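The next block holds one structure in the form of structure tokens; read it before the comments.
All values reported here derive from a predicted model rather than from experimental measurement. Naming convention: chains lettered A, B, ... in sequence-line order (proteins, then strands); numbering from 1 in each chain. We use all heavy atoms of the structure for the numbers below, so side chains are in, but hydrogens, waters and symmetry mates are not.
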4 protein chains.
Amino acid sequence: MTEQARRAQIVAAAVEVLAEGGYAAASFKRIAAVAGLSSTGLISYHFKGKQELVDAVYAEVTHVFAGFVLERMDRGTGAAEELRAFLTANVRFMAEHRNHAIALHEVRAHASAATAGDGDHRKMADLLREGQRAGEFRDFDADTMAVFVMALRDGVLARLGNRAEIDLDRCERELVTMVELATTRGTGTWAGGHGR
Amino acid sequence: MTEQARRAQIVAAAVEVLAEGGYAAASFKRIAAVAGLSSTGLISYHFKGKQELVDAVYAEVTHVFAGFVLERMDRGTGAAEELRAFLTANVRFMAEHRNHAIALHEVRAHASAATAGDGDHRKMADLLREGQRAGEFRDFDADTMAVFVMALRDGVLARLGNRAEIDLDRCERELVTMVELATTRGTGTWAGGHGR
Amino acid sequence: MTEQARRAQIVAAAVEVLAEGGYAAASFKRIAAVAGLSSTGLISYHFKGKQELVDAVYAEVTHVFAGFVLERMDRGTGAAEELRAFLTANVRFMAEHRNHAIALHEVRAHASAATAGDGDHRKMADLLREGQRAGEFRDFDADTMAVFVMALRDGVLARLGNRAEIDLDRCERELVTMVELATTRGTGTWAGGHGR
Amino acid sequence: MTEQARRAQIVAAAVEVLAEGGYAAASFKRIAAVAGLSSTGLISYHFKGKQELVDAVYAEVTHVFAGFVLERMDRGTGAAEELRAFLTANVRFMAEHRNHAIALHEVRAHASAATAGDGDHRKMADLLREGQRAGEFRDFDADTMAVFVMALRDGVLARLGNRAEIDLDRCERELVTMVELATTRGTGTWAGGHGR
DNA sequence: GATGAATGAGCGTTCATTCAT
DNA sequence: CATGAATGAACGCTCATTCAT
């Protein structure tokens, strides 16, 4: 089995363990068991240390997540539409890739600072600023609003991770409406225009 | 020293340790050291297990937090005003009781499901429903909106816990505006009426 | 059992293990077994890490060794006599405290640089310089000669540690003679005067 | 690549690793890396176990060392001169083949008893006895004196291995003088005759 | 011969917990 | 009540060694 494949297999097992038992349960022993490995030494063989595995999981999960979301965003023709696509894609991802989503939630706090950069935050802030320049969004502080938008996404994610009952479809609709109300110029036409 | 006082002392030390080093660093050894105890055995003596201590910390922090917030809410004369007071009080609490706030953030994921109940969530949903009945709020799904409101609060809290730079005053203003836009009927008078 | 006593017991067990099996065999597991402890964790409980135990062993063994030697040196009335007493005492120590001597040999290379200072080397060099000032010793480089004297001591120690057959009594006599010949002014009276 | 060449390559890499990081750092991984091998398996393939590699290193280093020294000894015309040549050659070797010398120092304690035989010791004792028979040396116990002479050599070697500052040229001169004083009949002419 | 992934024993260390005093 | 030494399970990690390719 090739190195690449083994690493991927281990990361996949880690994602599963993280999704099922949370970070605390994600010991090498458990991950090895789920991956069908006979020794935790093999994980150390492929990853220099636990931190590297954690970072690899974070990178993988983040990569898949970002791919999923970006694919659904670049069809947008304006900042507001892109924002809506972002929210929709995020909730969809949670519905379709539950394990990845929960694993991200569990692993985020433990990823290296360098790795776990605020890239997402900055991109969101930029998108919001762009929408303000285009006149689509009202005059809020873009950085703070970026915190809010990501917080809404993370709140849904946390809810999912905590196994609380949650209707993701309704959640998606309400989320889009709420963010539009909160960000766009208050003409009332937009929110109303979409029937919500 | 009375049982009550000892427990309170230990919980207070735990809060400090949690705020400073996060959950991972919150070993009995460290907590005992901060509390000025000479043995971790004393912690085990007063708390049946680590889980009980964690739950006690969660209960204490939650109690103080709720007290702070409720005190500032019941002056409100309507649901919208109460909601605004809730948001303001939450951010204020983070500013004035940083350790308690961060400890809450750190400990929440590890508190017993039974303890960490969704009481807050339900109360928020009830408030929102009340506002809808009174005609103050628009027609959203109250449970979902409650998730969102709490998510916004938690997002700010997480930002604080991660030691990211954050201007709590601006955050408070933007948060209130955003939630008002997202919840009240779109007359535009309210948000505008407060000079933002 | 008091902390002090436990530490001493563990150090004593470590000395025994080192003397019997060398540094490589001196695992916590083995030391704990020899000390009659039920868990290696207890060693970690009393010593912050393996390095601290190693340093404690080095300190203990060095302390006993130095005490033994110094007691027999300060009776000397001149540098030459002190030097002779040093050599004699060293060999005697190896004979009477075999385990401590071998443990010192095994542990020396692994003691912290700070701990394993060249104190002995410097003291020897000072003694030699003093003897030169007094006219007892010939004109050699004191630092280099100190290296030699300590090397002779260490050579005997190594021989002991390697379980090679060695007659310590004869060794003591020959060592004293050799060092006197090598250090004192070549009158010939001294070495001869002692019946060799 | 021939078996012989591979073994030599691995041994050479081991010597380098031993000289740079000491025995503790001489893992197969490191040796393979220095040797430019892609797998530690290759080392196990060519050497039955770590012990065999260690013994091979000891043999190689000892062989080179002995060759260097013997080449400079057989020019001597008497035991005293040979002894002096031995000492000189030893110190010269340390200066000119630092890595081999330090590797010898590091590996000696771990070589098999069988391999690490006392051949050198016996040869030195024989040389000393020869000198005694020829009237060049005084009446000491040859075996013990051999221990001393080798101890002096090893002391310098250890100093080198410990990265302590050491002036090998001065060391060489002082060493020759000391050993001559300690071994030859005390006419005083020799040591003085060489101007030291 | 050479590769490199896989193995499994052993390591030092941390931790919550227990219990005799 | 309080102490603090003792316990033992679990952890991440390293290493020489094996073996299918």
Partner nucleotide, any strand, of dT3(E) [Watson-Crick/G-U, under 3.5 Å]: dA20(F)
Rounded to whole Å, please give me the gap between CD1 in I43(D) and C1' in dG1(E). 15 Å
Rounding to an integer number of Å, can you tell me how far R7(D) CZ sits from dG1(E) C1'? 15 Å
Using whole Å, what does the distance between atom C1' of nucleotide dA2(E) and atom CD1 of I10(D) come to? 11 Å
Flag the pair H46(B) / I10(B) as yes when at least one side-chain heavy-atom distance between them is below 4.5 Å, and no otherwise. yes
Expressed in angstrom and rounded to an integer, what is the separation of K48(B) atom NZ from dT17(E) atom P? 10 Å
Give a yes or no on whether a salt bridge exists between E60(D) and R7(D), defined as a side-chain N under 4.0 angstrom from a carboxylate O. no
Could you state the atom-to-atom distance from CZ of F28(B) to P of dT3(F) in whole Å? 16 Å
Check this for me: K50(D), atom NZ, are more than 12 non-hydrogen atoms of other residues, nucleotides or ligands nearer than 6.0 Å? yes
I'd like to check L157(B) versus R108(B) (side-chain heavy atoms, cut-off strictly below 4.5 Å). Are they in contact? yes
Just how far, in rounded Å, is P of dA16(F) from NE2 of H110(D)? 12 Å
Min side-chain heavy-atom separation V54(D)-Y23(D) under 4.5 Å: yes
Protein-nucleotides 6-9 of chain E N/O pairs under 3.5 Å:
residue	atom	partner	partner atom	Å
dA6(E)	OP1	R6(A)	NE	2.6
dA6(E)	OP1	R6(A)	NH2	2.8
dA6(E)	OP2	R6(A)	NE	3.0
dA6(E)	OP2	H46(A)	NE2	2.9
dT7(E)	OP1	S38(A)	OG	3.0
dT7(E)	OP2	S38(A)	OG	2.7
dT7(E)	O5'	S38(A)	OG	2.6
dG8(E)	N7	S39(A)	OG	2.8

Output the rounded distance in Å from OH (Y23(D)) to P (dC15(F)). 12 Å
V57(C) side chain reached by L18(C) side chain, heavy atoms, under 4.5 Å: yes
Looking at side-chain heavy atoms only, is the closest gap between L42(D) and R6(D) below 4.5 Å? yes
Pair partner, dA9(F) [Watson-Crick or wobble, under 3.5 Å]: dT14(E)
Just checking S27(D): base, sugar-phosphate only, or nothing, at a heavy-atom cut-off of under 4.0 Å? sugar-phosphate
On DNA chain F, more 5' by nearest nucleotide between S44(A) and E3(C) is E3(C)
Report the residue (A26(C) or A26(B)) whose heavy-atom-nearest nucleotide on DNA chain E is the more 5′ of the two. A26(C)
Rounding to an integer number of Å, can you tell me how far K50(C) NZ sits from dC13(F) C1'? 15 Å
